[in-house]
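Protein chains get the first letters and strands the later ones, always in sequence-line order, with residue 1 at the start of each.
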There are 2 protein chains.
Amino acid sequence: MLSIGSLSKQTDVKVPTIRYYEQIGLIDPPERTEGNQRRYPKEALERLAFVKHARELGFSIETIQALIELNNHPDRSCTEATTIAQEQLNNVRARIASLLRLETELVRITEGCNGAGTVSDCYVLASLADHSNCKTQHLEKTSF
Amino acid sequence: MLSIGSLSKQTDVKVPTIRYYEQIGLIDPPERTEGNQRRYPKEALERLAFVKHARELGFSIETIQALIELNNHPDRSCTEATTIAQEQLNNVRARIASLLRLETELVRITEGCNGAGTVSDCYVLASLADHSNCKTQHLEKTSF
DNA sequence: TCTTGAAGCTCTAGTCGCTAGAGGTATTAT
DNA sequence: ATAATACCTCTAGCGACTAGAGCTTCAAGA
């Protein structure tokens with residue numbers, strides 16, 4: 001049996017994060033000692049590693065919950081898991097495309113200015129004020 | 001003079017967002033009518049467009065505040081503005097690199113599974129459970 | 001001028017995925 | 001036995017908004 005601290009060290013997931021995952025139902029509540037401290041079985045290591053890896057790959061908590069739910073029914077078809085992963089891939093690709101457009105714009109903006117002049121005729125600031133110079137449509141939806 | 005609604009329509013920034021920007025000091029509090037409604041001068045259009053464009057380019061509110069502050073001192077050198085934009089560019093490039101690593105992993109994961117089997121031997125789920133198969137180091141810091 | 005409906009106002013709380021801190025208790029090593 | 005460390009719960013905060021309640025004001029048509 002593992003304390004929350006050793007689970008944390010072995011998975012490299014912070015202690016408060018583990019408690020948070022328990023609170024939102026992402027991992028099962030473990031047994032407790034008489035003194036009310038959490039004690040995890042070894043399987044918790046795998047479960048938490050799964051969650052961590054999926055988070056690193058950008059899956060939302062909600063999606064991870066769906067994947068865990070799937071995992072709990074080993075006899076079902078795995079089509080759904082594949083679909084979820086595919087959607088995540090599309091999502092990541094869309095974000096890459098969006099960031100590449102941003103990159104283009106930022107290169108244009110920074111290259112237009114040698115930093116030598118004053119603020120009053122700074123190309124960077126002028127470019128920020130005027131979207132119409134932009135060659136690409138950089139959309140607002142760039143967040144994760 | 002513009003009402004908050006027409007300012008919103010013309011800049012494509014939502015009304016609550018405009019009020020939020022005022023609250024955090026990103027745009028100046030405008031005059032009010034006798035009935036306490038906001039009335040903006042035309043310059044507010046440019047100011048808000050600046051903020052919107054910078055947000056679309058991924059600048060944080062804090063950074064935008066620094067840029068506006070710079071803008072208010074037209075006689076200063078524009079080195080600082082260029083530096084800020086350059087940092088933003090580096091930031092965007094780092095995120096692109098990170099997302100490209102994620103993409104590689106997700107392609108590997110989704111291609112390994114034809115969706116035909118059952119959950120118990122699903123390559124997607126197995127890959128999520130086991131990071132050691134990964135070819136790249138996809139770091140957790142993928143957020144914006 | 002009156003009326004009505006849209007648009008405005010403030011304030012609070014919720015989103016996501018954690019993270020930090022306060023104030024207290026349990027465990028473990030010496 | 002004591003002291004250091006780890007653990008507990010609970011609340012609040014982050015960034016950048018967004019949604020809703022409950023109220024007031026404005027503008028256009030009859």
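Under 4.0 angstrom from either OP1 or OP2 of C:dT10 there lies at least one side-chain N or O belonging to B:Arg32. Distances shorter than 4.0 Å separate none of the side-chain N or O atoms of A:Arg19 from OP1 or OP2 on D:dT9. Within the 4.0 Å cut-off from OP1 or OP2 of C:dG17, not a single side-chain nitrogen or oxygen of A:Thr17 is found. One finds a side-chain N or O of B:Arg38 lying less than 4.0 angstrom from the OP1 or OP2 phosphate oxygen of C:dC9. Neither OP1 nor OP2 of C:dT27 sits under 4.0 Å from any side-chain N or O of A:Arg39.
The CD-P distance, from A:Gln37 to C:dG24, rounds to 18 Å in whole Å. Note: CZ (B:Arg55) to P (D:dG15) measures 12 Å, nearest angstrom. What separates CG of A:Leu7 from P of D:dC8 is a distance of 11 Å, to the nearest Å. D:dA27 atom P lies 15 Å from atom CD1 of B:Ile4, rounded to whole Å. Rounded to a whole Å, the CD1 atom of B:Ile27 is 14 Å from the C1' atom of D:dA16. For the pair A:Met1 CE and D:dA6 C1', the interatomic distance rounds to 17 Å; values are reported in whole Å. Distance B:Glu22 CD to C:dC9 P: 9 Å, rounded to the nearest Å. Rounded to an integer number of Å, the gap from CD of A:Gln23 to C1' of D:dC8 is 13 Å.
Contact annotation for B:Ile24: no contact, since no heavy-atom pair falls under 4.0 Å across all strands.
Here the side chain of B:Lys14 is nearest to one of D:dC7, D:dT18, C:dG8, namely D:dT18. For B:Tyr21, whose side chain is taken as the heavy atoms from C-beta onward, the closest listed nucleotide among D:dC17, D:dC7, C:dG8 is D:dC17. In this structure, the nucleotide among C:dG8, D:dA16, C:dC18 sitting nearest to the side chain of B:Tyr20 is D:dA16. Listed nucleotides C:dT27, D:dA16, C:dC18 differ in distance to B:Ser60; the shortest reach to its side chain belongs to D:dA16.
Heavy-atom contacts from other residues, nucleotides or ligands closer than 6.0 Å to CD of B:Gln10 number more than 12.
Put simply, the side chain of A:Arg108 reaches to within 4.5 Å of the side chain of A:Tyr123, judged on heavy atoms.
Between A:Glu56 and B:Leu102, the closest heavy-atom pair is O-CD2, 3.1 Å.
Taking the charged nitrogens against the carboxylate oxygens, A:Glu22 and A:Arg19 have no contact shorter than 4.0 Å, which rules out a salt bridge.
Between A:Thr33 and A:Pro16, the residue whose closest nucleotide on DNA chain C is further toward the 5' end is A:Pro16.
A:Thr110 contributes no side-chain N or O that, together with a main-chain N or O of B:Gln86, makes up a donor-acceptor pair within less than 3.5 Å.
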